[in-house]
Every structure is written in structure tokens, then in C-alpha cells.
Amino acid sequence: MQFKNRTHTCGELREKNIGEKVVLNGWVSTRRDLGGVIFIDLRDRYGITQIIFEPNHNQETHNAAKELRGEYVISIEGVIEKRSEDTVNLSLTTGTIDVRADKLLILNKAITPPFLIQDNIDTNEETRLKYRFLDLRRAEMQKNLFLRHKMYQSVRSYFDENDFVEIETPVLMKSTPEGARDYLVPSRIHKGKFYALPQSPQTYKQLLMVSGFDKYYQIVKCFRDEDLRADRQPEFTQIDVEMSFVQQEDVFKVVEGLMKKLFKNVWNKELKTPLQKLTYSDAIEKYGSDKPDLRFGLEMVTLNNVFANTEFKVFNEQIANNGIITGLKIPGCGDYTRNQLDVLTEFVKKQGAGGLIWMRVKKEGLEAPVAKFFTQDEKQNLVKSLNARTGDLIFILTGPRLKTFSIMGSLRLEMARRLDLIKKDTPPSLIWVTDFPLLEWDEETNRYYAMHHPFTSPREEDLELLETSPGDVKAKAYDLVLNGNEIAGGSIRIHDSSVQSKMFKALGITKEEAELKFGFLLNALKYGAPPHGGIAFGFDRMVMLFTGSQSIREVIAFPKTSSAISLMDDSPSLVSDEQLNELHIKIKK
């Protein structure tokens with residue numbers, strides 16, 4: 001048999017094709033020899049079709065099929081037949097037919113793979129990443145990448161329908177480290193000088209607004225040399241968006257339109273808009289996170305007012321030191337054992353808490369080791385503030401504001417996990433978090449840093465505070481949060497060079513340093529920059545959430561490990577002395 005182009009894929013044949021002569025090409029997924037009749041599941045990216053090699057039908061082809069093993073690449077020619085009722089496989093779209101082979105051509109043999117090419121394999125991730133080209137043959141991995149492709153297409157069509165223009169920005173740019181470390185690229189031509197790979201096209205998209213492109217977007221690769229987690233990679237994909245002559249609500253409207261389209265196209269769900277908005281302050285106080293998961297309740301309550309005049313030393317010391325007391329009611333868990341409560345106490349201690357106060361709500365009152373330290377009014381007000389009922393369990397933490405809210409937020413998520421509050425059919429939670437602080441203070445370096453980036457605009461009413469009380473300035477910044485994960489962040493930008501200079505001053509960036517790092521942008525702002533703003537989506541993280549994966553490595557074709565290594569092609573790798581000499585680089589031993 002000579003190689004022939006396939007007439008059909010391995011996923012498209014149905015009963016309507018019975019009697020047709022077809023050519024199929026693909027990989028041997030499984031091979032079964034049942035009393036002389038050989039059955040092959042032939043696989044390609046479209047599906048699986050069962051092939052039958054029978055000696056009475058064609059002895060030569062049957063003999064050739066005896067050689068077949070898993071992952072052999074073959075081409076077969078045969079006729080489609082209907083399966084008998086007792087052999088129908090309803091788990092396959094092709095499960096009511098099979099192909100009786102007339103001819104077989106082995107296109108390529110394969111050695112035994114290090115793991116089975118099937119879903120839910122029991123193998124470690126390192127092996128999968130080393131043999132990623134095999135891992136990507138598995139249906140669940142291909143499904144992830146097909147969905148990623150579908151999301152790409154939805155994004156592009158949406159922005160095209162809304163008059164956005166896709167413009168590519170440079171991959172080799174000026175190093176302007178503000179946040180994560182830059183990946184540096186040495187210049188061979190300009191000795192001692194370096195390009196940087198962009199952490200974001202931020203400055204370029206602002207320049208495009210100055211240039212008059214009022215609606216820009218780009219699906220772009222970005223690079224950050226930082227410690228990795230399950231949802232981080234050294235190179236990642238971003239949907240970058242910028243618009244001119246807009247305010248915050250205009251950005252929200254465009255983004256919500258995109259998310260409605262993705263919800264419908266990917267999940268077949270209707271997304272109700274406008275989305276709920278939650279201020280940063282409320283998110284932290286009620287959920288212990290600036291990316292709260294609202295798929296379940298368990299809302300935290302600040303209890304400083306309840307214990308404002310308490311004689312309980314632990315509480316009154318924290319109140320005197322501007323600390324907070326926060327409570328969390330867990331409905332129906334008042335029967336938790338001491339052992340269960342000890343486990344949860346250890347959980348918060350590992351998060352950095354000094355301990356965990358717990359109380360069982362009983363008919364006769366609050367049952368807890370610390371209950372004796374509270375007055376009757378304090379107990380009643382505590383129950384009332386938390387809206388607690390008999391049979392509930394109360395947790396209380398106290399300490400420095402942000403740290404304590406964060407720990408209670410972690411305990412909230414842990415309890416949701418233990419109580420299985422997020423079911424498979426639980427509706428997704430998509431919200432905006434707004435009114436972030438413009439700056440955050442770092443104790444180690446004794447200076448302010450931009451919470452988002454140094455081009456984020458402060459609210460007009462807070463402008464005067466930039467010089468007198470920078471920590472109290474709120475930003476025109478916003479994050480989009482899906483199921484407790486930040487999937488996009490943006491802001492209205494500074495378009496006035498004098499305001500930008502004030503921002504740099506608040507950040508401790510001198511005029512000389514600002515000119516050296518951002519002179520090109522500051523100069524552009526002097527030539528009639530329009531008001532503008534935008535947002536950037538973490539596309540890998542979005543795909544991870546839409547596929548239900550646990551790591552962005554599951555939705556990237558060729559990812560790096562958590563230590564930024566590609567096990568498949570062994571990068572980063574050493575280079576020759578000749579290459580280093582050309583770049584004027586010497587490796588320090």
C-alpha cells in the first residue's frame with residue numbers, strides 16, 4: 001500500500017457512512033488480539049475509530065497488524081461497518097461503527113512511551129514535561145489547547161467588532177525595572193548595553209494613545225524574572241487593552257462585553273452585567289483578600305466596636321495599637337471537636353497568627369475557654385454582630401490590620417474547602433475590585449511603591465495628598481476577579497506630565513532617574529496626551545480557570561517548571577565562549 005491522504009479524520013465517521021471505503025491516518029492508541037481477530041483503536045486529534053483486522057477477510061493485512069504496537073503511526077484503508085448491538089461503545093462518538101481493514105501501511109514505528117497516552121495518567125509532572133510532545137497527544141491536554149485557541153478567536157473577534165486595532169509592540173525594549181526583575185538581552189553591537197524583554201507593553205500602549213490610536217489591543221508575550229508559582233511562568237501571555245477619552249466605567253463596559261462573550265462561547269453561561277463592584281477596603285475587611293472568592297458566604301466581620309471598652313487584655317492592647325479584631329461565623333459547626341479546633345488553630349499559626357479564639361454558640365450562651373473574660377453585653381453584641389445562631393461556631397483573630405485580615409481570609413477559604421461549599425455546579429463569581437491605594441509602604445526599603453505601576457492616576461480629590469499624605473491616596477485602579485483569582489488589572493493612567501512628576505517624587509524617584517528611565521514617555525505627555533486608561537488580562541490564568549485546571553502549565557503547550565527550566569529541551573543552557581565573546585560577556589566563576 002502506498003501512502004494516501006486521509007479521506008476522513010478518526011472522529012467524524014458515523015452510521016451514515018456505513019458501506020463507504022475510507023482511508024484513515026493516525027496513531028495506534030490500543031491494540032487487542034482476541035482469538036486471532038486484532039482490534040486497533042486509531043487516534044488523531046479529532047477522536048478514535050476502531051479498526052478490525054480479520055484473517056478471513058485479508059490474511060496479509062492481518063499478518064501485518066500483528067506487528068503493531070502503541071503509538072505506531074499508520075495508514076489504513078477499509079470499509080465502514082455497523083457494530084453489533086453488544087459491541088456499541090457509547091463513550092466514543094464513533095462508537096456505533098468500525099472499519100474493516102483491507103490495507104495497512106506502517107508510516108513510522110515507535111518505542112514504548114514513558115507513560116500511557118491517555119487521560120488521568122499516574123505519572124509525575126517532571127516526566128510529563130520532559131516528554132511534553134507525548135503529553136500533548138493526550139485528549140485532556142489537547143482539549144485545553146483547543147479551548148485556548150477558541151478563547152483567542154473570541155477575543156480577537158470581539159475587539160475587531162468594537163473598532164479596536166491590534167498593534168504589535170517591541171520585544172526588545174529599554175530596561176525600566178519597577179516591580180519584578182527584567183530579563184536582560186546583551187547587545188552585540190553596542191558593547192556593555194542591554195535590551196530588556198517587556199514585563200508589559202505599558203509604556204508603548206500609552207504612547208499609542210498619544211499617537212491617536214484611541215482603541216488598541218494586543219495578545220502579547222510578557223516576561224518577568226521572578227520566583228514562580230502554579231499560576232506564574234517566566235514568559236506569559238497577556239491581553240493588553242488601552243483606550244483614549246475614557247473613564248473607569250467605559251473600561252468596565254468594554255471588559256464586561258468581552259467576558260459575556262467568553263462565558264457564552266466557552267461555558268455556555270449567560271453573564272449578568274453590570275458586574276458587582278467591591279472596594280479594596282471592603283474586600284480586605286469582609287473576605288481577607290483583594291481577590292475575594294464570592295461563590296460562597298462566610299463573610300468576615302470587624303469587631304473592634306463590640307470590644308471597644310473590653311477589659312480582655314489581648315483585645316484592648318490590639319485596639320490601642322491600631323490593630324483589629326475580626327470574626328468569622330461558621331454556620332452549623334458548633335459540634336466541632338477539640339481535636340478539629342486544634343487542627344484549625346495550627347492552620348492559622350502556620351499563617352503567622354498567635355492563636356485562634358473559638359466559641360461554640362449554645363442555647364445557654366457562648367462556650368469557649370475565653371468566654372469568662374467577656375461581659376454579658378459583649379457576648380450579646382458579638383452574637384448579634386455575627387448574626388450567629390445556636391449550633392454555629394465563631395472564630396476570632398486579632399492583630400495588625402492587613403496581616404490579621406489576610407489570615408482570617410485564608411481560614412475562610414480553608415473552611416469552604418472543608419465544608420465543600422463550592423460544588424461543580426456552583427455559579428462562577430466575577431467581580432470588580434476598585435479604589436485601591438495608590439501606594440504601599442515598604443518597611444525594609446523605607447519608601448513607597450506603586451501598588452499597580454507608577455503610571456496609575458490618583459483620584460482627583462486625592463491629588464493634594466500626594467505630597468502631604470501619600471499613603472492615603474486612592475487610585476483609579478481596578479482588578480477583575482474570577483472565582484478568587486485576579487484575571488485582569490488596570491487603571492486610568494496619568495496623562496499630565498506635572499502629575500506624573502509628582503507621582504515619581506512620591507515614589508522617591510529623582511528627576512534624573514525619572515528622565516533616565518521614562519524620559520521618552522514624559523516627553524510624549526507634553527505633546528497633547530489624551531486622557532486614557534486600560535487593562536491587561538492574564539490570559540494563561542484565564543484559560544486555566546475556564547478549563548478547570550489547577551496550574552497554568554496545563555494550558556501552555558511548552559511551559560517551564562517552577563524553577564524556570566524547560567526539561568524537554570534543557571533550557572536555559574550553556575553557550576560557547578565564542579558567543580559570549582561576541583557579546584562582550586565574561587562568566588564570573
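Remember, predicted model here, so these are calculated numbers, not experimental data. If you read the sequence from its start, that first residue is 1, and numbering goes on from there.
For the pair V251/M243, a side-chain contact is recorded, criterion being any heavy-atom separation below 4.5 Å from C-beta on. V254 places none of its side-chain heavy atoms less than 4.5 Å from the side chain of K215. Contact check for T547 versus E140: no side-chain heavy atoms found under the 4.5 Å cut-off. Counting only heavy atoms from C-beta outward, the side chains of L294 and I431 approach each other to under 4.5 Å. Two residues are said to be in side-chain contact when any heavy atoms from C-beta on lie closer than 4.5 Å; I284 and L402 meet this criterion. The closest side-chain heavy-atom distance from Q199 to E226 is not below 4.5 Å. Contact check for V171 versus F223: side-chain heavy atoms found under the 4.5 Å cut-off. R181 places none of its side-chain heavy atoms less than 4.5 Å from the side chain of R224.
The shortest heavy-atom contact between N304 and I325 is OD1-N, 2.8 Å. Residues D214 and M209 share a closest heavy-atom pair of O-SD, 4.0 Å. Across G534 and E242, no two heavy atoms sit closer than the pair CA-OE1, 3.4 Å. Closest approach of A371 to L366, counting heavy atoms only: CB-O, 3.8 Å. Counting all heavy atoms, side chain and backbone alike, L439 lies closest to A506 at CD1-CB, 4.0 Å.
Residue pairs that meet the ring-ring contact (aromatic ring centres under 6.0 Å, His included) test with at least one member in residues 397-428, sequence neighbours left out, do not exist here.
The closest donor-acceptor contact from the side chain of R132 to the backbone of A557 lies under 3.5 Å. Formation of a donor-acceptor pair under 3.5 Å by the R459 side chain with backbone atoms of V473 is not found in this model. Within the 3.5 Å criterion, the main-chain N or O of R401 finds no donor-acceptor partner in the side chain of Q318. Remark: side-chain polar atoms of T426 are paired, donor with acceptor, to backbone N or O of K423 under 3.5 angstrom. The closest donor-acceptor contact from the side chain of S469 to the backbone of L465 lies at 3.5 Å or more, if one exists at all. Looking at S429, its side chain never comes within 3.5 Å of a backbone N or O of N483 through a donor-acceptor pair. A donor-acceptor pair under 3.5 Å is formed between the side chain of Q340 and the backbone N or O of T337. Side chain of R541 to main chain of E486: a donor-acceptor pair is present (N/O by atom type, distance under 3.5 Å, no hydrogens or angles). Side-chain atoms of R412 come within 3.5 Å of backbone atoms of L298 as a donor-acceptor pair (strictly under, hydrogens ignored).
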Could you check R128 against E554 for side-chain contact (heavy atoms from CB on, under 4.5 Å), going step by step and ending with a plain yes or no? CA-CA 11 Å; R128 289 177 52 215; E554 297 300 297; 3.0 Å; yes
Going through the checks in order, is the side-chain contact (heavy atoms from CB on, under 4.5 Å) test met by L480 and F537? CA-CA 9 Å; L480 187 64; F537 295 81; 3.9 Å; yes
Decide yes or no on side-chain contact (heavy atoms from CB on, under 4.5 Å) for D182 and D225, but give the supporting numbers first. CA-CA 6 Å; D182 283 334; D225 187 5; over 6 Å; no
For I535 and Y478: C-alpha separation, side-chain torsions, deciding distance, then whether side-chain contact (heavy atoms from CB on, under 4.5 Å) applies. CA-CA 8 Å; I535 196 164; Y478 34 83; 4.3 Å; yes
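Environment of CD in E166: crowded, with over 12 heavy atoms of neighbouring residues, nucleotides or ligands closer than 6.0 Å. Crowding of E440 atom CD: a count of heavy atoms from other residues, nucleotides or ligands under 6.0 Å exceeding 12. More than 12 heavy atoms of other residues, nucleotides or ligands sit less than 6.0 Å from atom CG of D119. In E249, the CD atom is crowded: over 12 heavy atoms of neighbouring residues, nucleotides or ligands sit closer than 6.0 Å.
Residues passing the salt bridge (Lys or Arg N to Asp or Glu O under 4.0 Å) test with D540, sequence neighbours excluded: R148.
In this structure, the separation between NZ on K291 and CG on D479 is 9.0 Å, given to the nearest 0.5 Å. Note that CG of L303 is 6.5 Å distant from OG1 of T326, once rounded to the nearest 0.5 Å.
Aromatic ring orientation, W267 versus F263: perpendicular (interplanar angle above 60°, classes split at 30° and 60°).
Ionic pairing of D392 and R389 is not present here: no N-O contact between side-chain nitrogen and carboxylate oxygen is shorter than 4.0 angstrom. A salt bridge does not link K253 with D250: none of the charged nitrogens is closer than 4.0 Å to a carboxylate oxygen. A salt bridge is absent between E461 and K474: the closest approach of a Lys/Arg side-chain nitrogen to an acidic carboxylate oxygen does not fall below 4.0 angstrom. Of the charged side-chain nitrogens involved, at least one lies within less than 4.0 Å of a carboxylate oxygen, so that E414 and R418 count as a salt-bridged pair. Between R295 and D293, at least one side-chain N (NZ, or NE/NH1/NH2) sits under 4.0 Å from a carboxylate O, which counts as a salt bridge.
When only modelled atom types and interatomic distance are considered, Q238 and D240 share a side-chain donor-acceptor pair under 3.5 Å. With hydrogens and angles left out, the side-chain atoms of T390 and K362 include no donor and acceptor closer than 3.5 Å. Inspection of the Y287 and E299 side chains reveals an N or O donor paired with an N or O acceptor under 3.5 Å. Side-chain contact check for T169 and Q218: at least one donor-acceptor pair (N or O, by modelled atom type) lies under 3.5 Å.
Two rings, from F307 and F312, have their centers 6.0 Å or more apart. For F395 and Y336, the distance between ring centers is not under 6.0 angstrom.
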Contacts under 3.5 angstrom, residues 271-283 side chains, donor-acceptor by atom type, not counting sequence neighbours:
from	atom 1	to	atom 2	distance (Å)
T279	OG1	D282	N	3.1
T279	OG1	D282	OD2	3.4

